[in-house]
Amino acid sequence: MENINAKYVSQKISKTRWRLVSQSSLQQPDIFATGSWDNEVNKISFWSIGNHGSSDMDDGFERDPQLLCEYKHDGDVLDLQFLDQDRIVTTSSTGAVTIFRHHQNSQTISVSQRWPRAHHYPCDNAPCTGVVCSSPEIVTVGEDGKIIILRADQEGVIRVIENADSSTIHAVTYLRTTEILTVNSIGQLKLWDFRQQSNAPSQILSLSGDRVPLHCVDRHPNQQHIVATGGQDGMLCVWDVRQGSTPFSIMEAHSAEMWEVHFHPTNPDHLFTCSEDGSLLHWETSTHSDMPSFLQGGRNNSMTSRSAMAPAGGNQSLINAWLSGDSSKGRLETTHMLPSQTLSVNSLDVLGQCLVCGTDGEAIFVNRQVPV
């Protein structure tokens with residue numbers, strides 16, 4: 001916690017994401033974007049943590065995040081994803097999907113492309129709740145139960161799955177290049193294969209018993225059949241989509257809604273969750289004594305590209321620890337990463353050794369020495 005810098009920004013932060021670093025680069029991320037919600041004027045903003053390519057992680061360590069530029073956003077920012085180094089995609093409570101371009105030379109922002117009513121009901125707009133990008137493809141989901149496929153290089157809509165869900169779809173992620181996962185407000189996890197012309201999911205998994213809404217989903221970056229979700233009851237669920245239709249393990253995580261869950265993109269034995277209860281948790285499936293070799297070594301050891309892969313297959317015993325949820329034997333450790341908080345932690349992102357989160361307390365927290 002002593003490594004955390006807090007920046008008070010006078011707006012409630014709904015989403016925060018690191019700008020991707022190139023796969024060949026060993027530098028830590030230094031630019032992130034935020035989106036706000038529930039303010040008189042909502043904004044998207046770009047921030048710098050001041051490393052500026054320096055290989056010395058301690059260079060300017062005490063420096064707070066610095067605002068580079070910002071732009072008014074119509075409606076609440078409900079999701080935010082980088083499309084590439086210069087462009088981000090936002091989804092809005094108005095149903096709009098917008099691509100913004102960050103001009104790094106002039107530190108300005110412009111609108112590159114916009115679909116104003118991508119998600120809508122017959123007589124009103126429908127909030128666009130989630131987005132996932134694989135440039136130039138963009139996939140969005142919404143309160144209207146639709147899945148929409150867009151392309152950054154085309155103005156029209158590529159495909160709409162009209163009745164993908166009878167309830168609100170809360171989040172979406174890629175499982176593979178042609179497959180996505182969605183979670184909804186009745187506790188279902190659905191797999192969609194875009195190679196099929198059918199508008200039906202290829203697989204449906206669900207929580208048994210009460211239909212607890214699921215709010216977030218992330219896929220293990222190396223073992224693509226392992227998926228983590230979180231929902232209204234604050235539980236962390238880990239699924240194996242190859243087997244069965246219910247979670248492999250369910251772990252008590254938070255005392256209120258879990259808003260986001262993220263595997264570390266290159267060290268996926270580490271996972272992070274944040275919640276309405278004001279907490280940010282770091283989950284680790286290994287003890288230091290059995291830590292695999294690719295997690296050992298100095299802090300400059302870690303790779304920082306989301307597309308980079310850990311050694312093929314990872315460590316199978318640790319992979320199985322995610323599926324067993326066996327915290328009683330010390331195989332799964334959790335750490336609180338924030339000082340005492342009372343207001344919701346709405347969003348987090350982790351890349352390399354850098355973590356950022358945004359809160360309803362109008363604060364951004366940055367940690368540049370995440371122990372992974």
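The model shown is predicted, which means the values in this text are computed figures rather than measured ones.
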Practice task
Applying side chain to side chain contact (heavy atoms under 4.5 Å, CB included), run through I180 and I147 and close with a yes or a no.
Solution key: CA-CA 10 Å; I180 62 165; I147 298 173; 4.0 Å; yes
Joint cluster assignment, [X] & [Y], ILVMFWY side-chain distance < 4.5 Å:
X	Y	value
L280	V350	yes
V217	F272	no
F248	I226	yes
L351	I49	yes
V160	V172	no

Please check if the side chain of [X] supplies one atom and the backbone of [Y] the other of a donor-acceptor pair under 3.5 Å.
X	Y	result
N267	D269	no
Q28	Q353	yes
W18	D349	yes
Q66	D64	yes
H102	Q104	no
S45	E70	no
S92	D74	yes
Q113	I99	no
R219	L175	yes
S14	V77	yes

Would you say that [X] contacts [Y] through its side chain, given a criterion of any heavy-atom pair below 4.5 Å between the two side chains?
X	Y	value
V157	L150	yes
L207	T229	no
N42	S36	yes
Q203	K190	no
I13	S347	no
C357	L338	yes
H215	E257	yes
T178	D193	yes

Please work out whether the ring planes of [X] and [Y] are parallel, tilted or perpendicular, with thresholds of 30° and 60°.
X	Y	result
F46	F82	perpendicular
H73	F100	tilted
F365	Y8	perpendicular

To the nearest 0.5 angstrom, please state how far the [atom1] atom of [X] sits from the [atom2] atom of [Y].
X	Y	atom1	atom2	answer
T16	N346	OG1	CG	11.0 Å
E276	W259	CD	CH2	5.5 Å
C237	M258	SG	CE	7.5 Å
I148	R159	CD1	CZ	12.5 Å
W283	T335	CH2	OG1	10.5 Å
D144	N125	CG	CG	10.0 Å

Ignoring hydrogens, what is the shortest heavy-atom contact between [X] and [Y]? Give both atom names and the distance.
X	Y	value
A33	I88	CB-CD1, 4.3 Å
C128	T91	O-OG1, 2.9 Å
S135	L83	CB-O, 3.6 Å
D218	H262	OD2-CA, 3.3 Å
V261	A228	CG1-O, 3.7 Å
N39	Q11	OD1-CA, 3.5 Å

Take atom [atom1] of [X] as the centre, draw a 6.0 Å sphere, and report whether it contains more than 12 heavy atoms from other residues, nucleotides or ligands.
X	atom1	value
E252	CD	no
Q243	CD	yes
R211	CZ	no
D38	CG	yes

Problem - side chain to side chain contact (heavy atoms under 4.5 Å, CB included) evaluation trace for T34 with K43 - result: CA-CA 8 Å; T34 60; K43 300 174 183 176; over 6 Å; no
Practice task
Taking the six-membered ring for Trp and the single ring otherwise, decide whether the centroids of H220 and F263 are under 6.0 Å apart.
Solution key: yes
Practice task
Mind running side chain to side chain contact (heavy atoms under 4.5 Å, CB included) on I158 and E137 for me, showing each step along the way?
Solution key: CA-CA 9 Å; I158 304 302; E137 191 172 85; over 6 Å; no
Exercise for the section: Go through S279 and H254 one step at a time and tell me if the side-chain hydrogen bond (donor to acceptor under 3.5 Å, both in side chains) criterion holds. Expected result: CA-CA 8 Å; S279 64; H254 299 277; 2.7 Å; yes
Handout entry: Salt-bridge contact D79-R17 (side-chain N to carboxylate O under 4.0 Å)
Key = yes
Practice task
Test H282 against E284 for side-chain hydrogen bond (donor to acceptor under 3.5 Å, both in side chains), laying out the working first.
Solution key: CA-CA 7 Å; H282 172 198; E284 185 179 357; 4.7 Å; no
Practice task
Using the side-chain hydrogen bond (donor to acceptor under 3.5 Å, both in side chains) rule, take E143 and H170 through it: C-alpha gap first, then chi angles, then the decisive distance, then the call.
Solution key: CA-CA 7 Å; E143 197 176 279; H170 283 141; over 6 Å; no
Handout entry: Worked check of side chain to side chain contact (heavy atoms under 4.5 Å, CB included) between S93 and L78
Key = CA-CA 6 Å; S93 56; L78 297 187; 4.2 Å; yes
